[in-house]
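Okay, structure first, notes after.
Everything quoted here is computed from the prediction, not taken from an experiment.
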Amino acid sequence: MTFVVTDACIRCKYMDCVEICPVECFHEGENMLVINPNECIDCAACLPECPAEAIVPDIESGLEQWLELNRTFSAQWPIVSNKANQTPADADDHKGEAGKYEKYFSALPGEGD
């Protein structure tokens with residue numbers, strides 16, 4: 001099992017999860033984070049840290065798309081392990097918004113560490 005980041009992270013990117021991760025498996029895109037499924041040790045430390053509830057275990061049904069997205073972009077985006085890159089000012093405005101992948105997803109990398 002691993003954990004995956006879903007579209008609930010898009011335009012929120014709170015980044016509380018990255019500081020608690022003991023193996024630095026988070027990668028930063030322009031407007032969301034992803035988890036490298038090969039690096040995640042399934043500790044679940046990140047789950048309670050995500051205000052957007054964007055992180056879920058990959059054993060839940062219907063997450064194949066998100067597992068693939070996390071796998072693909074964790075190979076392309078830089079590692080991020082601290083919250084120095086600030087949460088977007090409008091993050092709370094997008095928390096809980098539906099259809100964020102279709103509206104806002106960007107394949108561009110973030111700054112990373």
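- For Gln76 and Thr72, the side-chain atoms include no donor-acceptor pair closer than 3.5 Å.
- In this structure, the side chains of Leu69 and Tyr101 come closer than 4.5 Å at one or more pairs of heavy atoms.
- Interatomic distance, OG1 of Thr2 versus CG of Asn70, reported as 8.0 Å (0.5 Å rounding).
- Counting only distance, with no hydrogens or angles, the side chain of Trp77 and the backbone of Glu111 share no donor-acceptor pair below 3.5 Å.
- To the nearest 0.5 Å, atom CG of residue Asn82 and atom CD of residue Glu24 are 9.0 Å apart.
- Considering only heavy atoms from C-beta on, Met15 comes within 4.5 Å of Val18 through its side chain.
- With rounding to the nearest 0.5 angstrom, the CD atom of Glu19 is 11.5 Å from the SG atom of Cys21.
- With contacts defined as side-chain heavy-atom distances shorter than 4.5 Å, the pair Pro78/Pro109 qualifies.
- The two residues Ser106 and Glu30 make their nearest non-hydrogen contact at OG-OE1, 2.5 Å.
- Expressed to the nearest 0.5 Å, how far SG of Cys12 lies from CG of Asn31 amounts to 10.0 Å.
- The two residues Gly112 and Glu28 come nearest to each other via the heavy atoms N-OE1, 2.8 Å.
- Contact annotation: the side chain of Tyr104 approaches that of His94 to within less than 4.5 Å [non-hydrogen atoms, C-beta and beyond].
- Counting only heavy atoms from C-beta outward, the side chains of Val23 and Cys40 never approach each other to under 4.5 Å.
- Of the N and O atoms on the side chains of Ser81 and Asp113, at least one donor lies less than 3.5 Å from an acceptor on the other residue.
- Minimum interatomic distance between Phe73 and Val34 (heavy atoms only, all atoms of both residues): C-CG2, 3.9 Å.
- Atom CD1 of residue Ile55 and atom CD of residue Glu49 lie 9.0 Å apart, to the nearest 0.5 angstrom.
- Heavy-atom contacts from other residues, nucleotides or ligands closer than 6.0 Å to CD of Gln65 number more than 12.
- With a 4.5 Å cut-off on side-chain heavy atoms, Leu33 and Lys13 count as touching.
- You'll find the ring centres of Phe3 and Phe26 outside the 6.0 Å limit.
- By the criterion of side-chain heavy atoms lying less than 4.5 angstrom apart, applied directly or through intervening Ile, Leu, Val, Met, Phe, Trp or Tyr residues, Ile79 is not grouped with Val4; the two fall into different hydrophobic clusters.
- Asn36 places no side-chain N or O within donor-acceptor distance of the main-chain N or O of Arg71, the cut-off being under 3.5 Å.
- Residues Phe105 and Lys100 form no side-chain contact, since every pair of their non-hydrogen atoms from C-beta on lies 4.5 Å or further apart.
- A single hydrophobic cluster is seen to contain both Leu47 and Leu67, as judged by linkage of ILVMFWY side chains at heavy-atom distances under 4.5 Å, directly or through other members.
- Taking both residues in full, the closest heavy atoms of Ala45 and Ile20 are given as O-CG2, 3.7 Å, listed atom of the first, atom of the second, then distance.
- Atom CD of Glu102 is separated from atom CG of Asp7 by 7.0 Å, given to the nearest 0.5 angstrom.
- You'll find the side chain of Ser74 reaches within 4.5 Å of the side chain of Pro37, heavy atoms only.
- With hydrophobic clusters built from ILVMFWY side chains whose heavy atoms lie under 4.5 angstrom apart, Ile59 shares a cluster with Trp66.
- Among all heavy-atom pairs drawn from Pro48 and Ala44, the shortest one is CD-O, 3.4 Å.
- Salt-bridge formation is not detected for the pair Glu97/Arg11: no Lys NZ or Arg NE/NH1/NH2 atom is positioned less than 4.0 Å from an Asp or Glu carboxylate oxygen.
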